[in-house]
There are 2 protein chains.
Amino acid sequence: MTIGEGALLTKISRHFSPSASEIAEIKKLLGNHHEYAARIELLEDSEVLKAVLILNSGWGYSFRDLPNGLRQIIDFMIPGDFFGLRGIFLNGPSLGFASITAVDAAAVSPHSLLAVSRQWPRLGGAILWSASLQGSIAEERLVALGRRSAAGRVAHLLLELSVRLEFIGQGSSSGFFCPLTQHDLANALGLTSIHVNRVLRRLRQLGLVVFRNSEVEFLDRSGLMDIAHFDAAYLGLGREASRKIFGR
Amino acid sequence: MTIGEGALLTKISRHFSPSASEIAEIKKLLGNHHEYAARIELLEDSEVLKAVLILNSGWGYSFRDLPNGLRQIIDFMIPGDFFGLRGIFLNGPSLGFASITAVDAAAVSPHSLLAVSRQWPRLGGAILWSASLQGSIAEERLVALGRRSAAGRVAHLLLELSVRLEFIGQGSSSGFFCPLTQHDLANALGLTSIHVNRVLRRLRQLGLVVFRNSEVEFLDRSGLMDIAHFDAAYLGLGREASRKIFGR
DNA sequence: CGTTTGGTTGACCAAGTTCAATCAGAGTGG
DNA sequence: CCACTCTGATTGAACTTGGTCAACCAAACG
């Protein structure tokens with residue numbers, strides 16, 4: 001089993017325990033995968049985006065651009081995440097996808113996704129569960145942009161990424177590998193990269209986190225959660241699981 | 001047929017033409033409805049929120065509160081909208097619901113919603129389509145909070161509400177009934193009500209919109225779309241339908 | 001090596017918030 | 001019918017957060 005299949009399976013296993021034949025079905029879905037270079041963009045008119053992308057490895061993000069050239073990142077995509085589920089039901093233009101690192105992703109046609117959902121209802125349920133999770137994450141980002149300070153947003157995003165990575169068996173509670181640039185953070189958080197830089201400096205000076213050389217290191221996770229008003233419940237792990245991770 | 005059933009049916013008819021038996025099924029789903037007073041809140045521990053709410057008439061909104069008491073409105077709910085679909089798949093706490101006007105809503109159990117989806121696949125598809133639409137709306141609000149100015153956000157929201165209302169056969173291209181307070185707008189747009197007030201004054205002075213006495217009146221819709229960077233494509237009506245409504 | 005990409009810093013500026021009043025309309029009790 | 005109260009709208013002045021402009025730096029890479 002490759003690492004990538006591991007990510008989706010690890011994630012799905014948080015939802016239910018797939019049977020051997022369900023696992024085989026997942027592997028079949030992920031069979032038609034492809035490697036994309038770092039920092040490329042798939043726009044809405046791209047042929048690939050007629051399908052759903054399932055990330056096996058690497059990081060990317062979904063985004064919308066405004067006519068004036070400003071870009072808003074909707075969500076970062078890590079292994080095990082789906083891109084373009086919405087496009088199955090909505091005919092309008094969906095989001096754009098951009099890779100951050102090199103990315104290995106499977107392109108699955110809406111048709112086969114629907115077919116699998118019909119034949120393996122529990123897999124269909126897992127897909128809807130994953131889509132719900134991504135919706136919840138987008139809503140929490142909405143809360144962040146609307147009601148959190150710049151420092152709170154940065155802290156919140158770093159904590160969220162940490163939890164999501166642990167969810168697929170990557171990173172640890174003390175830190176994680178993070179290939180984002182400060183510009184990426186800014187585009188996701190509705191800030192400028194200059195201000196993100198200043199916020200990161202302050203968080204470092206306060207002894208809360210260090211983000212340097214593509215590594216996030218938590219120094220005072222509890223303090224960080226305070227300024228972020230972070231409550232992991234929106235990530236779908238019940239409060240018990242949340243307590244287990246954070247020890248409180 | 002009551003007005004409320006009309007709203008949901010009108011909306012669904014944009015997606016596909018339901019058969020007589022599908023219409024009957026919808027009416028059955030909406031049978032168990034209830035009237036709620038204006039300005040009440042259903043919190044996450046409420047019994048009602050274990051079910052999905054389908055609005056028949058009246059306005060409400062979904063929200064999340066931060067520990068420090070700040071509230072972020074995720075989306076306004078108008079007749080034909082679903083509340084709580086996400087809770088079916090995600091066990092974490094979903095959002096809170098608050099009524100704005102008096103609201104008539106049907107409470108549908110996740111179980112019967114799933115049963116209907118299985119027996120009437122096209123209705124199931126319409127539900128997923130509606131959920132996708134709401135997700136797209138939330139994402140567009142995310143873009144607004146991240147990358148639009150205060151005036152752009154206000155303008156964008158008013159235009160969005162107008163389109164959504166026309167979608168269910170309410171309001172017209174020249175204006176609509178809008179029971180929101182400036183405080184509601186502020187809570188949705190990540191602003192203070194004081195600043196919303198100033199922005200509305202400016203939009204009025206510029207001869208773009210008037211929002212007064214619960215009525216929105218568009219004076220220069222095209223100019224408003226410019227400062228809002230408004231492109232209705234995210235609302236799922238293809239660009240053709242969009243052109244039909246806006247004449248460009 | 002030179003170039004490019006991303007990070008860092010400072011001085012200044014502007015959008016939006018906070019605080020503090022005032023005002024208008026709707027409902028309520030006397 | 002009239003005070004009283006409550007909610008939401010409105011405005012001004014001072015202030016803060018984050019943005020803009022303009023450098024400069026450091027690592028990576030051809």
Side-chain angles (χ1 to χ4, degrees), chain A residues 37-41 59 61 66 68-73 98-102 144-157 178-205 209-216 227, chain B residues 37-41 59 61 66 68-73 98-102 144-155 157 178-206 209-216 227:
Chain A
R39 297 294 170 184
I40 61 164
E41 294 181 8
W59 289 41
Y61 63 80
L66 287 189
N68 60 14
L70 289 178
R71 166 164 300 185
Q72 177 65 43
I73 291 178
S99 65
I100 293 171
T101 64
L145 295 206
R147 294 293 173 219
R148 275 186 255 260
S149 69
R153 293 182 211 179
V154 172
H156 193 275
L157 178 55
C178 179
L180 305 180
T181 65
Q182 294 181 357
H183 196 75
D184 293 328
L185 289 178
N187 274 343
L189 298 175
L191 302 169
T192 59
S193 58
I194 295 172
H195 198 60
V196 166
N197 182 288
R198 288 194 254 261
V199 167
L200 285 173
R201 189 203 327 167
R202 187 146 57 86
L203 293 180
R204 198 186 321 128
Q205 287 169 347
V209 240
V210 177
F211 176 27
R212 213 162 231 177
N213 298 323
S214 302
E215 284 289 337
V216 169
I227 76 161
Chain B
R39 296 292 171 185
I40 61 163
E41 295 181 7
W59 289 41
Y61 63 80
L66 287 189
N68 60 14
L70 290 178
R71 168 164 299 188
Q72 177 64 44
I73 292 179
S99 65
I100 293 171
T101 64
L145 297 205
R147 296 291 173 221
R148 273 186 256 260
S149 68
R153 294 181 209 178
V154 171
L157 179 55
C178 179
L180 306 180
T181 65
Q182 295 181 356
H183 196 76
D184 293 328
L185 288 179
N187 275 343
L189 298 176
L191 302 169
T192 58
S193 59
I194 294 170
H195 198 60
V196 167
N197 182 287
R198 287 194 251 262
V199 167
L200 285 173
R201 190 204 325 167
R202 189 146 57 86
L203 293 179
R204 198 186 320 125
Q205 287 169 346
L206 288 172
V209 239
V210 178
F211 175 26
R212 213 162 232 178
N213 298 322
S214 302
E215 284 288 338
V216 170
I227 77 161

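Labels below follow one simple rule: chain letters A, B, ... track the order of the sequence lines, proteins then strands, and each chain is numbered from 1. What's counted below: heavy atoms across the whole structure, side chains too, no hydrogens, waters or symmetry copies.
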Atom pairs under 3.5 Å: protein N/O with N/O of nucleotides 25-30 of chain D:
none

Distance, rounded to the nearest Å, where A/Asn213 contributes CG and C/dG7 contributes P: 10 Å
Spacing of B/Leu145 atom CG relative to D/dT17 atom P, expressed in whole Å: 20 Å
Full working for side-chain contact (heavy atoms from CB on, under 4.5 Å) between A/Arg153 and A/Leu157: CA-CA 6 Å; A/Arg153 293 182 211 179; A/Leu157 178 55; over 6 Å; no
Annotated protein contacts, base or backbone, on nucleotides 21-27 of chain C with a non-hydrogen cut-off under 4.0 Å, one of B, S, - each: -------
Nearest non-hydrogen partners of B/Leu145 and B/Leu189, listed with the distance: CD2-O, 3.1 Å
Touch class at under 4.0 angstrom, heavy-atom based, for B/Arg198 against every strand present: base
For atom NE2 of B/His183 and atom C1' of D/dC6, their distance in whole Å: 15 Å
Phosphate-side-chain proximity, A/Gln182 and C/dT8, N/O vs OP1/OP2 below 4.0 Å: yes
Earlier contact from the 5' end, DNA chain C, for A/Arg147 and A/Arg39: A/Arg39
Terminal axis angle for the helix from C/dC1-D/dG30 to C/dG30-D/dC1, five pairs an end, nearest 10 degrees: 30°
side-chain N/O B/Arg201 vs D/dT10 OP1/OP2, d < 4.0 Å: no
B/Arg148 CZ - D/dG19 P separation (whole Å): 17 Å
Interatomic distance where CG belongs to B/Leu70 and P belongs to C/dT17 [whole Å]: 11 Å
Residues from residues 184-197 of chain A lying under 4.0 Å of DNA chain C - heavy atoms: A/Ile194, A/Asn197
side-chain N/O A/Arg212 vs C/dT8 OP1/OP2, d < 4.0 Å: yes
side-chain hydrogen bond (donor to acceptor under 3.5 Å, both in side chains) partners of A/Asn68, counting only residues at least two apart: B/His229
Rounded distance (Å) that lies between atom P of C/dT8 and atom CZ of A/Arg202: 15 Å
Return a table of donor-acceptor pairs under 3.5 angstrom between the side chains of residues 180-187 of chain B and protein atoms on other chains or two or more places apart.
unit_1: B/Thr181; atom_1: OG1; unit_2: B/His183; atom_2: N; d: 3.3
unit_1: B/Thr181; atom_1: OG1; unit_2: B/Asp184; atom_2: N; d: 3.0
unit_1: B/Thr181; atom_1: OG1; unit_2: B/Asp184; atom_2: OD2; d: 3.2
unit_1: B/Gln182; atom_1: OE1; unit_2: B/Asn197; atom_2: ND2; d: 3.0
unit_1: B/Asp184; atom_1: OD1; unit_2: B/Arg39; atom_2: NH1; d: 3.2
unit_1: B/Asp184; atom_1: OD2; unit_2: B/Arg39; atom_2: NH1; d: 3.4
unit_1: B/Asp184; atom_1: OD2; unit_2: B/Arg39; atom_2: NH2; d: 2.6
unit_1: B/Asp184; atom_1: OD2; unit_2: B/Thr181; atom_2: N; d: 3.0
unit_1: B/Asn187; atom_1: OD1; unit_2: A/Arg147; atom_2: NH2; d: 3.2

A/Ile100 versus A/Ala38, closest heavy-atom pair with distance: O-CB, 3.4 Å
Residue B/Ser149, side-chain atoms from C-beta onward, closest of D/dA9, C/dG7, C/dG16: C/dG16
